[in-house]
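Notes follow once the structure below has been shown.
Below, each value reflects all heavy atoms present in this structure, side chains not excepted, and no hydrogens, waters or symmetry copies.
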Amino acid sequence: MSELSPETAWALATGGPWPVPEGLSGDPHFMALALQEGLKGVGLSSPNPPVGCALVKDGRVLGIGSHTRAGDPHGEIMALRDAESREEDVRGATAYVTLEPCCHQGRTGPCTQALLQAGIARVVVGVRDPNPRVDGGGMAILRAQGLPVEEGVLAEACARFHAPFFKFIHAGLPWVSLKLALGSDGALGPEGQRTQVTPPAVQRLGHALRRASEAIVVGRRTAEMDDPQLTDRWPAPTAPHRTFHRVVVDPAGQVPSTARIWQPVAGQPALRAVTGTPAPLRDVEDLHLPPAPKGCSLRHLLHELGARGVGRVLVEGGGSLVRDFLDQGLADEFHCFRSDAPAGGTPLDLPLPSSWERRAVARWPGGRWEVWR
């Protein structure tokens with residue numbers, strides 16, 4: 001169990017904890033470096049994967065790079081550019097890539113061709129790309145040109161890191177992280193009363209989850225009772241192209257126009273998920289969804305967000321909405337901020353899937369951050 005810090009918070013928010021390069025040697029050491037570099041693209045590259053790459057020769061890193069924006073160069077190209085800026089000769093080097101290099105022409109050229117032209121002599125791949133346009137083809141091209149290709153180095157960590165992209169490819173849906181702050185009694189606090197379960201310092205670290213996502217979703221009652229702004233306030237600055245969608249599930253359009261969530265924030269548009277035709281709100285886009293027994297179709301909401309390039313969604317409350325995502329099998333992980341003190345009120349019954357396990361824990365004085373997947 002680790003102590004909660006900004007570094008730990010970012011690791012947990014991005015699917016970690018991650019392998020530490022200093023504790024590894026050989027290929028795993030350099031793949032861990034590539035994985036660390038790839039973390040820089042989380043929350044920025046969707047719907048593309050935040051691939052990390054390290055170029056190494058004679059045990060020395062020549063260049064390193066990550067994919068941080070769809071349409072911009074991939075991690076391999078960024079690593080080649082980094083090596084060039086250092087005036088390093090990459091001929092004969094090994095490329096460590098968290099995800100199989102692409103072999104097709106999209107908005108950018110195939111990375112396989114770039115590696116071959118640069119004179120890379122060996123490629124080490126963390127995990128195969130399930131995209132039908134790749135799916136082993138990248139490694140096959142490299143091998144056909146005589147390059148040794150090693151697959152599966154730190155495979156579990158790389159697969160976990162790229163799991164949101166894999167889900168998007170297979171299901172067309174974003175990765176869904178649930179977040180709640182509960183007391184030791186498993187409750188959110190007395191009904192109708194705003195209760196602060198975690199201290200402000202922990203709340204600030206919890207913003208790592210927002211930075212790792214491209215959208216945050218809350219229910220109507222949370223928007224009315226807490227009156228949150230739902231902005232990304234992670235301390236580190238972010239790239240200008242980042243868009244963070246702020247979404248309220250409000251089928252009948254009941255959240256008043258004066259709510260803070262509807263205030264315009266540059267780069268962080270507000271969306272309202274509705275089923276009818278409520279009066280429009282200024283600067284707010286309505287997502288018209290099919291009705292469902294408990295309000296609106298959450299699956300359709302995810303499809304709408306996916307169509308906007310959202311690869312990772314954070315559902316931050318309230319308890320009923322979190323339970324609905326669980327009941328409908330739409331959640332991929334649960335981040336529980338659990339205080340050592342009771343919160344009061346009725347304990348929540350959260351039907352976590354039987355296959356999920358507690359995968360990580362970080363403590364702060366008075367509580368812990370648990371991650372269930």
- Task: Check the pair Glu370, Phe334 against side chain to side chain contact (heavy atoms under 4.5 Å, CB included), reporting the backbone distance first and the verdict last.
- Result: CA-CA 8 Å; Glu370 302 175 346; Phe334 174 44; over 6 Å; no

- Mind checking the CD-CG spacing from Glu84 to Leu55? Nearest 0.5 Å is all I need. 12.0 Å

- Query: Does atom CD of Glu156 have more than 12 heavy-atom neighbours from other groups under 6.0 Å away?
  - Reply: yes

- Message: Can you tell me if Arg338 has over 12 outside heavy atoms packed within less than 6.0 Å of its CZ?
- Response: yes

- Task: Would you please say whether a donor-acceptor pair under 3.5 Å links the side chains of Thr231 and Gln268?
- Result: no

- Is it the case that one hydrophobic cluster holds both Val248 and Leu289, taking links as side-chain heavy atoms less than 4.5 Å apart, direct or via other members? no

- Side chain of His67, backbone of Pro50: donor and acceptor closer than 3.5 Å? no

- With Pro19 via side-chain contact (heavy atoms from CB on, under 4.5 Å) - residues at least two apart: Leu24, Ala32, Leu35, Leu154, Ala157

- Message: Does either side chain, that of Thr258 or that of Trp262, offer a donor lying less than 3.5 Å from an acceptor on the other one?
- Response: no

- With sequence neighbours excluded, tell me which residues meet side-chain contact (heavy atoms from CB on, under 4.5 Å) with Ser339. Val197, Ala341

- Task: Output yes when a side-chain donor or acceptor of Arg69 lies under 3.5 Å from a complementary backbone atom of Gly41, and no otherwise.
- Result: no

- Atom CG of Leu147 and atom OG1 of Thr112: how far apart are they, to the nearest 0.5 Å? 10.5 Å

- Angle class for the His335/Trp369 ring planes (parallel below 30°, perpendicular above 60°, tilted otherwise)? perpendicular

- Item | Glu333/Arg359 under salt bridge (charged side-chain N to carboxylate O under 4.0 Å, His left out): CA gap, chis, key distance, verdict | CA-CA 10 Å; Glu333 62 181 13; Arg359 298 299 180 91; over 6 Å; no

- Query: Do Val284 and Val249 share a hydrophobic cluster, counting only Ile, Leu, Val, Met, Phe, Trp and Tyr and linking them when any side-chain heavy atoms are less than 4.5 Å apart?
  - Reply: no

- Ring-face cation contact, Phe337 with Lys179, 6.0 Å cut, 45° max: yes

- Ignoring hydrogens and angles, state whether a donor on the side chain of His207 or Asp232 is under 3.5 Å from an acceptor on the partner side chain. no

- Task: Among residues two or more places apart or on two chains, list those pairs meeting ring pair (Phe, Tyr, Trp, His ring centres under 6.0 Å) that have a residue in residues 269-305.
- Result: none

- Kindly compute the distance separating CG (Leu173) from CG (Asp332), expressed to the nearest 0.5 Å. 9.0 Å

- Note on the structure: Here the gap from Lys40 atom NZ to Ser45 atom OG, rounded to the nearest 0.5 Å, amounts to 14.0 Å

- Message: Are Val322 and Leu182 linked, directly or through intermediate hydrophobic residues, by side-chain heavy-atom contacts shorter than 4.5 Å (ILVMFWY only)?
- Response: yes

- Item | Verdict with supporting geometry, Glu151 and Met139, side chain to side chain contact (heavy atoms under 4.5 Å, CB included) | CA-CA 9 Å; Glu151 179 185 357; Met139 291 185 289; 3.4 Å; yes

- Item | Derivation and outcome, side chain to side chain contact (heavy atoms under 4.5 Å, CB included), residues Val218 and Val247 | CA-CA 6 Å; Val218 300; Val247 186; over 6 Å; no

- Task: Measure from the side-chain N and O atoms of Asp226 to the backbone N and O of Pro228, and report whether any donor-acceptor pair falls under 3.5 Å.
- Result: no

- With sequence neighbours left out, write down each residue that passes ring pair (Phe, Tyr, Trp, His ring centres under 6.0 Å) with Phe165, or none if nothing qualifies. none

- Task: Report yes if the side chains of Ile169 and Phe166 come closer than 4.5 Å at any heavy-atom pair, otherwise no.
- Result: no

- Message: Centroid separation under 6.0 Å, is that true for the rings of Phe168 and Trp175?
- Response: no

- Task: Please examine the side chains of Glu316 and Val217, heavy atoms only from C-beta on, and report whether any two atoms are closer than 4.5 Å.
- Result: no

- Message: Quick one, Met78 and Cys53 - any side-chain contact, counting heavy atoms below 4.5 Å?
- Response: no

- Query: How long is the span from the OG1 atom in Thr198 to the CD atom in Gln203, to the nearest 0.5 Å?
  - Reply: 4.0 Å

- Quick one: CZ on Arg86 to CZ on Arg81, what's the gap to the nearest 0.5 Å? 15.5 Å

- Heavy-atom distance under 4.5 Å between the side chains of Ile216 and His245, does that happen here? no

- Message: Can a donor-acceptor pair be found, under 3.5 Å and without considering hydrogens, that links the side chain of Asp89 to the backbone of Arg91?
- Response: yes

- Does the side chain of Arg220 pick up a donor-acceptor pair with the side chain of Gln254 at under 3.5 Å? yes

- Message: Could you check whether Glu214 pairs with Arg242 (Lys NZ or Arg NE/NH1/NH2 to Asp/Glu carboxylate O, under 4.0 Å)?
- Response: no

- Heavy-atom closest pair, residues Leu178 and Ala331: CD1-CB, 3.6 Å

- Message: In the structure I gave you, are the side-chain heavy atoms of Leu39 and Trp18 within less than 4.5 Å of one another anywhere?
- Response: yes

- Query: At their closest point, which heavy atom of Val42 faces which heavy atom of Ala212, and how far apart are they?
  - Reply: CG1-O, 3.6 Å

- Item | side chain to side chain contact (heavy atoms under 4.5 Å, CB included) between His74 and Val51, intermediate numbers included | CA-CA 7 Å; His74 294 180; Val51 176; 5.8 Å; no

- Query: What are the two closest heavy atoms between Ala208 and Ala9, and how far apart are they?
  - Reply: CB-O, 3.7 Å

- By side-chain hydrogen bond (donor to acceptor under 3.5 Å, both in side chains) - contacts of Glu22 (at least two apart): none

- Message: Could you check whether any side-chain heavy atom of Arg373 comes within less than 4.5 Å of a side-chain heavy atom of Glu357, counting everything from C-beta outward?
- Response: no

- Contact summary for Lys167 and Leu330, nearest pair of heavy atoms: NZ-O, 3.9 Å

- Item | Joint hydrophobic cluster, Ile64 plus Val90, side-chain heavy atoms closer than 4.5 Å | no

Table please: side-chain donor-acceptor pairs of residues 116-127 below 3.5 Å, with sequence neighbours left out.
unit_1 : atom_1 : unit_2 : atom_2 : d
Arg122 : NH1    : Asp27  : OD1    : 3.4
Arg122 : NH2    : Asp27  : OD2    : 2.7

- Output yes when a side-chain donor or acceptor of Asp185 lies under 3.5 Å from a complementary backbone atom of Ala343, and no otherwise. yes

- Indicate yes or no: at least one non-hydrogen side-chain atom of Leu301 is less than 4.5 angstrom from one of Cys296. no

- Query: Among the clusters formed by ILVMFWY side chains lying less than 4.5 Å apart, do Val56 and Leu115 turn up in the same one?
  - Reply: no

- Is Arg299 salt-bridged to Glu304, cutoff N-O under 4.0 Å? no

- Evaluate the side-chain proximity of Ser184 to Asp340: yes if any heavy-atom separation is below 4.5 Å, no if none is. no

